[in-house]
Amino acid sequence: MITGALLVQALISGLLMGGIYALVALALALSFGVLRVLNFAHGDLLMMAMYGAVVLHRWLGLHPYWAIVVLALPMLALGWLMFVGLIRPVQHAGVLVQAQMTLGVSFVLQSAALMIFGADLLNVRTEMEMAVLRIEGVVVSVPLAIGFAVSLLISGALSWVLLGTDAGRRVRATAQDPDMARLCGVDVERTQRWVFALSVALLAGVAGCLMTFSHVVPTAGLQYSVLALLVVMLGGLGDLKGAFIGGLLIGIAEALAGVFLNSAVGPAVIYVLFGLTLLFRPQGLFGRGMEA
Amino acid sequence: MSPLLEARALHAGYGAVEVLHGIDLSIAAGEAVAVLGPNGAGKSTLLRTLSGLVRATDGSILMAGTAVHTLPAHRIVATGLIQVPEARHIFPYLTVLENLRVGASLVRDAALKDEALDQVMTLFPMLRDKARQPARTLSGGQQQMLAIGRALMGRPRLLMLDEPSLGLAPRVVEEVYEVLHRLRTSSELTILLVEQDVYQALDFVDRAHVLQNGRFALSGSSAELRDNDTIRTAYLGL
Ligand SMILES: Nc1ncnc2c1ncn2[C@@H]1O[C@H](COP(=O)(O)OP(=O)(O)O)[C@@H](O)[C@H]1O
Ligand SMILES: [Mg+2]
């Protein structure tokens with residue numbers, strides 16, 4: 001029996017989860033918008049950061065929220081190296097070569113995780129894991145709500161940088177017209193290097209939020225890659241506002257599917273939506289062009 | 001005095017296709033020079049090569065004594081060689097003000113940046129009125145003004161313009177050239193102009209080259225070229 005309360009419950013949980021998805025998607029939309037290379041290893045880099053949070057907890061007893069801070073720099077460095085070593089060399093190659101490259105990275109990361117951590121599901125036990133708030137009969141998971149807030153904060157900081165600083169304006173100019181940006185004196189390659197590194201570093205934030213209530217397995221990345229790709233397609237490739245709204249919508253759609261169908265179907269909805277989007281709106285639902 | 005810009009035996013093209021087959025071009029400080037020629041002659045390719053967007057496969061380019069043919073495009077801008085490209089290429093989703101600020105990417109000093117901004121907005125009062133609007137909402141003529149203003153934000157010594165009158169109403173073309181005149185006289189800007197509108201161009205510049213199939217087929221002062229029979233029949237329709 002689906003009651004109104006259950007629906008509200010699903011909408012709220014979905015929205016909160018959607019905020020975290022939005023950050024995953026935002027990071028991918030940012031790197032695609034500026035590099036024009038679609039990173040199929042996006043979710044796997046997130047998976048790495050999630051394992052990072054597990055390790056930090058086991059070794060140092062650090063809460064996953066601390067992992068956001070501690071992992072940001074190594075993830076930035078990882079992204080920087082990946083751009084220089086793997087993305088940059090295929091940037092002017094065909095789309096298929098680029099896809100092969102980032103898919104290759106995806107497989108390597110998954111295999112590495114499997115070798116190091118095994119196939120078991122790992123999580124971080126925190127006191128707050130099961131904590132809930134009850135508001136007017138609606139149950140809100142505390143770590144989910146905090147994850148939403150943290151994601152919103154990081155997304156907000158990102159759009160402030162993009163909209164309000166000279167560096168951000170150069171990033172948006174590069175996304176819109178790289179050759180013209182060069183003619184304005186922008187070092188486009190350097191801009192792309194830092195944007196890609198930043199898009200990977202942002203995943204540290206996501207990983208910290210997720211690990212307060214979720215778990216990680218070596219294949220966890222695929223789900224997030226597909227989700228981010230879907231959102232980025234929905235929002236129009238490279239469009240940040242669209243990516244953010246898309247992330248929220250996916251979260252809600254997943255939660256509603258869990259209620260109306262059953263909870264195992266929730267994630268599958270992402271794949272179905274992905275297929276439908278490719279069929280009917282390959283150009284995206286919203287505008288394009290990184291208006292941020 | 002050595003020229004401000006000097007290109008020697010310049011060859012360039014796209015992939016295996018060579019478009020420029022040996023261009024020699026020398027411009028002294030304070031001069032205005034035009035490159036004329038039919039569609040597809042390689043005029044834009046020449047400017048793109050000077051700016052470093054297309055790599056010279058042979059030859060050399062000296063700008064104010066610096067060899068720029070090996071520099072990446074953004075470093076060439078720093079020598080004061082700045083281009084307003086064909087079709088304007090404003091950043092459509094940035095505001096007018098943001099377009100201008102990106103134009104000053106290499107100007108580190110905030111005070112200099114503000115000064116340049118003030119100069120450009122005095123030159124084009126329209127840009128001040130529309131500062132907060134997305135650049136894509138401007139008319140074609142306004143976008144051309146913005147493109148010129150953005151180039152000026154980079155503090156050019158030699159401004160290259162690729163068909164600034166393309167697609168604009170005659171009245172707007174007049175306005176564009178009025179501004180270019182003012183820049184020449186008041187700011188001692190050196191100008192390299194690419195045009196299809198031969199009348200306009202010859203009125204504006206001191207001398208010109210006619211580019212055909214990747215070579216300069218004809219060179220001379222504006223007066224000489226205006227009287228040249230080939231030019232009169234092929235371009236001026238006389
Ligand atoms: N990006 C490009 N790739 C390949 N060929 C090009 C490109 N741009 C221009 N060309 C070719 O180079 C030649 C010169 O073009 P261009 O420099 O644009 O001429 P113009 O500006 O004088 O009209 C033309 O034959 C054109 O087809
Ligand atoms: Mg041209």
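The chains referred to below are lettered A, B, ... by the order of the sequence lines, with proteins before strands, and numbering in each begins at 1. Computed from a prediction, not measured in an experiment: that's the story for all the values here.
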Chemist: Check whether any side-chain heavy atom of A/L203 lies under 4.5 Å from a side-chain heavy atom of A/Y224, and answer yes or no.
Modeler: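 A side-chain contact under 4.5 Å is absent here.
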Chemist: Below 4.0 angstrom, N of the basic side chain to O of the carboxylate: do B/K43 and B/E195 qualify?
Modeler: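 No, no charged N to carboxylate O under 4.0 Å.
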Chemist: With a 4.5 angstrom heavy-atom cut-off, which part of B/P92 approaches chain A: side chain, backbone, both or neither?
Modeler: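 Both parts, backbone and side chain.
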Chemist: Sort B/R75 into side chain, backbone, both or neither according to what part of it lies under 4.5 angstrom from a heavy atom of chain A.
Modeler: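 For B/R75, neither part sits under 4.5 Å from chain A.
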Chemist: For B/K113, does the NZ atom sit with more than 12 other heavy atoms under 6.0 Å from it, leaving out its own atoms?
Modeler: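 Yes, enclosed.
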Chemist: Sort A/D166 into side chain, backbone, both or neither according to what part of it lies under 4.5 angstrom from a heavy atom of chain B.
Modeler: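 Answer is side chain: those atoms of A/D166 sit under 4.5 Å from chain B.
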Chemist: Going through the distances and angles, do B/L138 and B/I90 end up as a side-chain contact (heavy atoms from CB on, under 4.5 Å)?
Modeler: CA-CA 10 Å; B/L138 300 187; B/I90 52 139; 6.0 Å; no
